[in-house]
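Below is one structure, written out as structure tokens; comments come after it.
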Amino acid sequence: MRYLSQIFQPVITIPKGAKIKNTEITCKSQKLLLECGLIRPTTSGFFTILPLARRALDKLELLVNSCLERVQAQRISLPCLTSANLWEKTGRLDSVGSELFAIKDRHDKKYLLAPTHEEAIADLMADVGPLSHKQLPLLLYQISNKYRDELRPKHGLLRAREFNMMDLYGFHSNIQCAHNTYSQVTEVYRRLFDLLGLPVHRLVAPTGEMGGSLSHEWQLPALAGEDSINICPSCSHVQRSGECEKCASETDVVQTVEVGHTFILGTKYSEPLQAKCIHSDSNSSPLIMSCYGIGITRLLAATLEALSSESQIRWPKSIAPFAAIVIGPKEGSKEWSKHGLNHIEGVARKFDGILGDDVLLDDRHTLTIGKRLLMADRMGYPHIIVCGRNSIETPPRYELYTNGRREPILGDINELMDVINGNSDTQRDRSRS
């Protein structure tokens, strides 16, 4: 159990009725993350991730890890610096050059702060290879910071110059193997977005600078998105543009954020970097590669864009910084005299036990319950437990605000724990008595 007073959360308080002139805040997620003390800008396109946002990102990473386990992907860590020579060999140094952060070491050797690691991973396979066809398919991934010298970084974490990303690389002996693996990873993507409760759409996309034979973008509807898709209101078919291909109805244009991208790369990287596979007939050929990306920090921000209101954060339950927050009576009140700090800590520990050490106690007891309740609702904690006037009854009853509901569920600890666990048949709103 953690205490809110001990959390480093530099909230930005905006006076009521004040006119905001900061035009650099251009979208909902950026505004909420800044004002609620979750991130802090340093220079253009760079942000410090503060404790509560870091906790949410850690949970998101764990969720991604658990999904990738289903396809037996193995986690590695590649250096953030990649030799520019590798990018010269694949032809991407000149074509992507303007977006690359380049440095030289004391020996005048040129390196790149990698925005992606196709060259580095292909070089690794060349170094340890050639791989036997019996070792394939092989899936290796990492979750690490990437760097892109964006011309116009904007929308906070949606388009930053440093970002956290999951990049997964597949190695295959033939194109059929690559397509089979691609289908399996696609299902993992769908599972991840379903677990987050996000209506993400997969669309065929051009392969662009990445190259290859097949590419899909994963697009999440959000007003701040810089992409767009067309959704048919009649049959729900999703496509790039124009009249619906299935029912010929007019489609609605929807702004979207790209939260993932997947590719079958073929031999674009393996061939120039000499990453090979040995087949059953002892002949060798370049490895067939595939790659899969999810921007972790971008996905976090896009999730808030899709689920939150202009003034209140709403998290998927699985990645909220804390599953629940407990709010006690105001110090000096009648409820406080009979239900003081020790008792409130005991209530929090009981909920902590069923929520896996994921409960926050708002111990700022000089503030009113109402003010703390508003602040907790703005932060979007999935469950808010309030020790109000009913807490001095025999037995004590507490208020549970869940899923952003305005009216609380009233019950004793066991009843509320059943509601949180989804075991209650009485999960209807109960008015205060």
Return yes if a side-chain donor-acceptor contact under 3.5 Å exists between [X] and [Y], otherwise no.
{"X": "S228", "Y": "Q255", "value": "no"}
{"X": "E209", "Y": "S95", "value": "yes"}
{"X": "E345", "Y": "Y3", "value": "yes"}
{"X": "S29", "Y": "H155", "value": "no"}
{"X": "E399", "Y": "Y401", "value": "yes"}
{"X": "S83", "Y": "Y111", "value": "no"}
{"X": "N164", "Y": "T297", "value": "no"}

Salt-bridge criterion met for [X] and [Y] (N-O under 4.0 Å):
{"X": "E118", "Y": "R92", "result": "yes"}
{"X": "R159", "Y": "E226", "result": "yes"}
{"X": "K110", "Y": "D105", "result": "no"}
{"X": "D58", "Y": "R54", "result": "yes"}
{"X": "D377", "Y": "R406", "result": "no"}
{"X": "R161", "Y": "E150", "result": "no"}

What is the distance from atom [atom1] of [X] to atom [atom2] of [Y], rounded to the nearest 0.5 Å?
{"X": "L32", "Y": "R314", "atom1": "CG", "atom2": "CZ", "answer": "10.0 Å"}
{"X": "Q72", "Y": "Q184", "atom1": "CD", "atom2": "CD", "answer": "9.0 Å"}
{"X": "H117", "Y": "S144", "atom1": "NE2", "atom2": "OG", "answer": "5.5 Å"}
{"X": "R2", "Y": "F322", "atom1": "CZ", "atom2": "CZ", "answer": "6.0 Å"}
{"X": "I25", "Y": "L34", "atom1": "CD1", "atom2": "CG", "answer": "5.0 Å"}
{"X": "L192", "Y": "L60", "atom1": "CG", "atom2": "CG", "answer": "7.0 Å"}

**Message:** Can you confirm if the aromatic rings of H216 and F263 lie within a centre distance of less than 6.0 Å?
**Reply:** no

**Request:** Flag the pair H261 / W218 as yes when their ring centroid distance falls below 6.0 Å, and as no otherwise.
**Result:**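 For H261 and W218, the ring centres are not under 6.0 Å apart.
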
Over all heavy atoms of both residues, which pair between [X] and [Y] is shortest? Give the atoms and the distance, please.
{"X": "L220", "Y": "A302", "answer": "CD2-O, 3.5 Å"}
{"X": "H339", "Y": "S391", "answer": "ND1-O, 3.4 Å"}
{"X": "A102", "Y": "L112", "answer": "CB-CD2, 3.9 Å"}
{"X": "L341", "Y": "W336", "answer": "N-CH2, 3.8 Å"}
{"X": "Q239", "Y": "E243", "answer": "NE2-O, 2.7 Å"}
{"X": "Y292", "Y": "G170", "answer": "CE1-N, 4.4 Å"}

**Message:** Among I7, D352, I327, which residue satisfies the side chain to side chain contact (heavy atoms under 4.5 Å, CB included) criterion with L360?
**Reply:** I7

Would you call [X] and [Y] a side-chain contact if the rule is heavy atoms closer than 4.5 Å?
{"X": "M210", "Y": "Y269", "result": "yes"}
{"X": "Y169", "Y": "L139", "result": "no"}
{"X": "D412", "Y": "P396", "result": "no"}

**Request:** Please check if atom CZ in R70 has more than 12 non-hydrogen atoms from other residues, nucleotides or ligands closer than 6.0 Å.
**Result:** no

**Message:** Atom CG of residue position L62 - does it have more than 12 heavy atoms of other residues, nucleotides or ligands inside 6.0 Å?
**Reply:** yes

**Item:** From CA spacing to verdict: side chain to side chain contact (heavy atoms under 4.5 Å, CB included), L195, C67
**Value:** CA-CA 10 Å; L195 288 171; C67 287; 4.0 Å; yes

Does [X] use its side chain to pair, donor to acceptor, with the backbone of [Y] at less than 3.5 Å?
{"X": "T207", "Y": "S215", "answer": "no"}
{"X": "D363", "Y": "S5", "answer": "yes"}
{"X": "S308", "Y": "E305", "answer": "no"}
{"X": "W87", "Y": "T82", "answer": "no"}
{"X": "Q142", "Y": "L78", "answer": "yes"}

**Message:** Run L304 and K28 through side chain to side chain contact (heavy atoms under 4.5 Å, CB included) and show every step you take.
**Reply:** CA-CA 8 Å; L304 299 189; K28 179 169 53 178; over 6 Å; no

**Request:** Show your reasoning for whether side-chain hydrogen bond (donor to acceptor under 3.5 Å, both in side chains) applies to T262 and Y189.
**Result:** CA-CA 10 Å; T262 55; Y189 268 50; over 6 Å; no

**Prompt:** Which word best sums up how the rings of F101 and Y147 line up, parallel for under 30°, tilted for 30 to 60°, or perpendicular for over 60°?
**Reply:**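 F101 vs Y147 ring planes: perpendicular.
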
**Request:** Take E35 and R378 through the salt bridge (charged side-chain N to carboxylate O under 4.0 Å, His left out) test and state the conclusion after the steps.
**Result:** CA-CA 10 Å; E35 292 180 359; R378 178 168 167 77; 2.6 Å; yes

**Prompt:** Does the salt bridge (charged side-chain N to carboxylate O under 4.0 Å, His left out) test come out yes or no for K59 and D358, once each step is laid out?
**Reply:** CA-CA 11 Å; K59 289 185 175 184; D358 204 24; 2.6 Å; yes

